[in-house]
Number of protein chains: 2
Amino acid sequence: MNKNHSKEYYMKQALKQAKKAYSIDEVPIGAVIVKNNEIISRAYNQREKNHKSTAHSEIIAIEKACKKLNSWRLNNCEIYVTVEPCPMCAGAILNSRMKKVYFGALDEKSGAVVSNLHMLDLDKTFCNHKVEYESELLKDECQDLLKDFFSKLRERNK
Amino acid sequence: MNKNHSKEYYMKQALKQAKKAYSIDEVPIGAVIVKNNEIISRAYNQREKNHKSTAHSEIIAIEKACKKLNSWRLNNCEIYVTVEPCPMCAGAILNSRMKKVYFGALDEKSGAVVSNLHMLDLDKTFCNHKVEYESELLKDECQDLLKDFFSKLRERNK
């Protein structure tokens, strides 16, 4: 049986992924997917590096998890992501029939869970599924990483 | 210079893709992406075959187009899709900074453009971008293909 880690432990693993994105000059966002207390996939944002609008950490993590489980249904899986998912990613989480999403920093502009749209509060007849969520888990660490990234970017572009 | 085809021509190309999905027992949805009157990518739904929740026709078409243009920005690109995009795909279209989406059949349950959420009517500060749309282009052909697919599926499952 897998060890039962705390939710903070898993978010720290997502933060490790976000730092990998940071190290290659990508907006530092990371995600891990957990099933039965086991991390089954890890990913970080690679939009610039991969020249791919869909290469958000959540999408890459979901695709890796689908491959691992050989199924498009990620039943009983939980995703930990350092920033509030955008509409595309919240939609992918719904489409994957995941159980729950935990996220850190809010994204007031494009966040689709609590900041705008409230996509996971919709009636479960929409997309045939309802996903639980918990917001602002290790919010400060997640937010500080982003702030640091954007402040260095502004410095560099001066 | 590329020939200036009608919008119906491009939707028929998307329908051809949808028929490819039909022929491998996938829900028949197809998409093409057009830039400067040229079709730069074609794709069909492969969720079941690829065991991948993200393998909707729009996502695959977007990823192919990004690869072709070597950019995550699909500026001035238009996507033709046989069915109203779900939230994930509408989000991906926004994230790709596409110019316009044309779609055929409505999806009253999961459609995120006119049936629910109205994701493309949001203020352009959301996701930094505004995408135009035209609904119900060759609606009957697109809808009939879906109806035929689901009626045969019900027959088979009796």
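Lettering of chains follows the sequences in order, A, B, ..., and the numbering in each one begins at 1.
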Quick check: closest heavy atoms across P28(B) and L146(B), and the distance to 0.1 Å? O-CD2, 3.9 Å

Chain A/chain B interface donor-acceptor pairs under 3.5 Å:
| unit_1 | atom_1 | unit_2 | atom_2 | d |
| --- | --- | --- | --- | --- |
| E48(A) | OE1 | W72(B) | NE1 | 3.3 |
| E48(A) | OE2 | W72(B) | NE1 | 3.2 |
| S53(A) | OG | S96(B) | OG | 2.8 |
| T54(A) | OG1 | E63(B) | OE2 | 2.7 |
| E63(A) | OE2 | T54(B) | OG1 | 2.7 |
| W72(A) | NE1 | E48(B) | OE1 | 3.3 |
| W72(A) | NE1 | E48(B) | OE2 | 3.2 |
| S96(A) | OG | S53(B) | OG | 2.8 |
| K109(A) | NZ | T125(B) | O | 2.8 |
| K109(A) | NZ | N128(B) | OD1 | 3.2 |
| T125(A) | O | K109(B) | NZ | 2.8 |
| N128(A) | OD1 | K109(B) | NZ | 3.2 |

Can you say whether L74(B) sits under 4.5 Å from chain A via the side chain, the backbone, both, or neither, judging by heavy atoms? neither

If we define contacts as heavy-atom pairs under 4.5 Å, which of C89(B), P87(B), A55(B) has the most with chain A? P87(B)

Could you check whether any side-chain heavy atom of I40(B) comes within less than 4.5 Å of a side-chain heavy atom of L69(B), counting everything from C-beta outward? yes

Quick one: side-chain contact (heavy atoms from CB on, under 4.5 Å) partners of A43(B), sequence neighbours excluded? I60(B), A61(B)

List the atom of G30(B), the atom of A18(B), and the distance in Å for their closest heavy-atom pair. N-CB, 3.5 Å

Nearest heavy-atom pair of C142(A) and G104(A): which atoms, and what distance? SG-CA, 3.9 Å

Which pair of non-hydrogen atoms, one from M119(B) and one from G91(B), has the smallest distance, and what is that distance? CE-N, 3.4 Å

Note: V81(A) and A31(A) closest approach over all heavy atoms is CB-CB, 4.1 Å

Between I62(B) and chain A, which part of the residue has a heavy atom less than 4.5 Å away: side chain, backbone, both or neither? side chain

